[in-house]
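Chain letters run A, B, ... following the sequence lines, proteins first and then strands; every chain starts at 1.
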Number of protein chains: 2
Amino acid sequence: MSLPPEFSLIGRHFRPLAGEGALDLADDAALLTPPAGQELVLAADAMVAGVHFLPDDPAQTIGRKLLRVNLSDLAAMGADPLGYLMTVALPRGTPDEWVAGFAAGLLEDQREFGLSVLGGDTVSTPGPLTLSLTILGTVPRGQALRREGARAGDDIWVSGRIGDGWLGLRAARGERPDPDGALARRYRLPEPRLALGRALRGLAHAAMDVSDGLLQDLSHLCRAGGVAAEVEAARVPVSDTTAPIAALVTGGDDYELLFAAAAQDRARIEAAAAAARTPVMRLGRFTQGEPHVTLRDAAGQDITPATLGWSHL
Amino acid sequence: MSLPPEFSLIGRHFRPLAGEGALDLADDAALLTPPAGQELVLAADAMVAGVHFLPDDPAQTIGRKLLRVNLSDLAAMGADPLGYLMTVALPRGTPDEWVAGFAAGLLEDQREFGLSVLGGDTVSTPGPLTLSLTILGTVPRGQALRREGARAGDDIWVSGRIGDGWLGLRAARGERPDPDGALARRYRLPEPRLALGRALRGLAHAAMDVSDGLLQDLSHLCRAGGVAAEVEAARVPVSDTTAPIAALVTGGDDYELLFAAAAQDRARIEAAAAAARTPVMRLGRFTQGEPHVTLRDAAGQDITPATLGWSHL
């Protein structure tokens, strides 16, 4: 009594990723007893070959990128990872070795970030490889970081470096020098700032992750908080000071945390970041006024680009 | 301070679908307090235009089909709907009216089935429209229906009619008569058997939904339970007795419940089904033996087709 090929594929490559509650991926759905005293945090993202990753990116990094993008959403809420469900639309004729590499990459990240697969679906497509992932996390009740809450006078903080996604895409395409491959790696494997997100619970007034360009994402914090923002270009941490700053502050795929905190909490923020082993930088201030983002050069001139970030459509 | 077009699209079409915990689809993730005493039930499915639905199916039914396919997974576990996350990869240039119709269909089903959207992602694709949906449901702790548990001597039961997915696809393509459009509608809008699933808690020994062909799905119950199955072809409820029975019992997209129950519980099953206003039919019996499915005609001849169901790859 033989089964169609997807059962063999799932059994060989995806079942080893299944964790508690996944019922070996052999039932209609997963069963999960939610941890007491916690809220569930849920996010979903999709990626399409040629749009969100390069069609010739290594199989090992493609699933990990999507997982990390979703983990970054958990980090932005101050949440801990619990599990995920993934659907994969595979182009017909995708070699088995490709699927093996894809799953091996996921397994590596499951171990690194402490979560496992709960369920999913594998289908075929006449189009490009298309992945969708729903992540589940937990956060102690009432302690989730939110986008709303930035106040006039708050500092604007960001983790890591801004524009590495933009630089990394160009490095991966061979358009920019990248002697040690660090930038291309950054594009393919963003670093979800989970430890920092956790450390910011009860400390940051508002937070989100930078996925579509620093300035555009900052504009969301402004809108949600009813405040304006002033960013000093010279304070934005970048990997390449010769690259155009307008590109770095509007490029996508950085997956850093952007957050608001009271000016008197600077030392606490720096201590929390150090404990989380995550570099952070103060970029400027939230101010009173209509929701608006201004980027200023060292002379105080307004150098805000006309387009603040990346568009998905 | 303008935003890219996806924000307007999400705001106009998807935000009205957002429910409690979705944070207006304006945060990085949704926040949900899981109901006490319940287990969470989680499933994900993907659909690709031209593979899982017809590219010219009405916008109003496409999202609903995916939602109903996932609701059918909840029904198979005896679960109640809670919410869902959906990612949509839209072909570039998809008209706004299409998205409006797509969302209007979803809203209709959200009302019918009592759930709402928790989150998602909208991206563009150079390929066909590709949707992915993760559904969340709840079931009282320890009461989920599972695929394992069928015993030798149990009756094999199924809800509704088998082969309507196969007939409906052909009707939708204009290849079969369908004077009142009922079959095409069935293909586009399957009926998740939530009330029946709920009524079978504590009564069925094993259950699943029929999505990839009755016989193939029955083989899963056999494998999970370590039993064989004998199906009487004459008892299989079909809409068109002139259609080839081998096609009807192996065709996909039926989304009926298939379940095992003790022979002495026949009257209880019939009462539960009547209370759930869902027709059910006894198809045959589970028997001792290696996991195996046999379809027999009225004379007792083995007429099992060589291929038991639909393949996704």
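Checked for salt-bridge contact, Asp27(B) and Arg223(A) miss the test: no charged N lies under 4.0 Å from a carboxylate O.
Smallest separation of non-hydrogen atoms from Phe53(A) and Met47(A): CD2-CE, 3.4 Å. The shortest heavy-atom contact between Cys222(B) and Ala228(B) is SG-C, 3.8 Å. Of all heavy-atom pairs spanning Ala18(A) and Leu25(A), the tightest one is CB-CG, 3.9 Å. Considering every non-hydrogen atom in both Glu20(B) and Leu32(B), the closest pair reads O-CD1, 4.5 Å. Shortest non-hydrogen contact noted between Ala206(B) and Arg147(B) is CB-O, 3.3 Å. Contact detail for Leu133(B) and Met86(B): the closest heavy-atom pair is CD1-CE, 3.5 Å.
Interface remark: Val88(A) contributes no atoms to any contact with chain B (heavy atom separation under 4.5 Å). For chain B, no part of Glu290(A) is nearby; none of its heavy atoms comes within less than 4.5 Å. Residue contact with chain B, scored on non-hydrogen atoms closer than 4.5 Å, involves the backbone of Ala26(A) exclusively. Interface remark: Leu42(A) contributes backbone and side-chain atoms alike to the contact with chain B (heavy atom separation under 4.5 Å). Residue Leu136(B) touches chain A through its side chain alone, counting heavy-atom pairs closer than 4.5 Å. Residue contact with chain B, scored on non-hydrogen atoms closer than 4.5 Å, is absent for Ala79(A). For chain A, no part of Ala22(B) is nearby; none of its heavy atoms comes within less than 4.5 Å.
Ranking Val48(A), Val41(A), Asp45(A) against chain B, the residue ahead of the rest is Asp45(A), based on heavy-atom pairs under 4.5 Å. Considering only heavy-atom pairs separated by less than 4.5 Å from chain B, the leading option among Gly119(A), Gly127(A), Ser132(A) is Ser132(A). Annotation: maximal heavy-atom pairing with chain B below 4.5 Å, among Leu118(A), Thr134(A), Leu145(A), occurs at Thr134(A). Per-residue heavy-atom pair counts under 4.5 Å with chain B were compared for Met208(A), Glu39(A), Arg141(A), Arg146(A), and the maximum is reached by Arg146(A). Per-residue counts of heavy-atom pairs under 4.5 Å with chain B were compared for Pro128(A), Pro35(A), Gly21(A), Ala29(A); the largest is that of Ala29(A).
Close approach to chain A, defined as a heavy atom under 4.5 Å from one of its heavy atoms, is seen in Asp73(B), Ala76(B), Met77(B) of residues 67-77 of chain B, taken by number.
Atoms CG and OG, on Asp212(A) and Ser219(A) in that order, are 10.0 Å from each other to the nearest 0.5 Å. For the atom pair NZ (Lys65(A)) and NE2 (His52(A)), the distance works out to 8.5 Å, reported to the nearest 0.5 Å. The structure places OG of Ser211(A) at 8.5 Å from CD of Gln216(A), a figure rounded to the nearest 0.5 Å.
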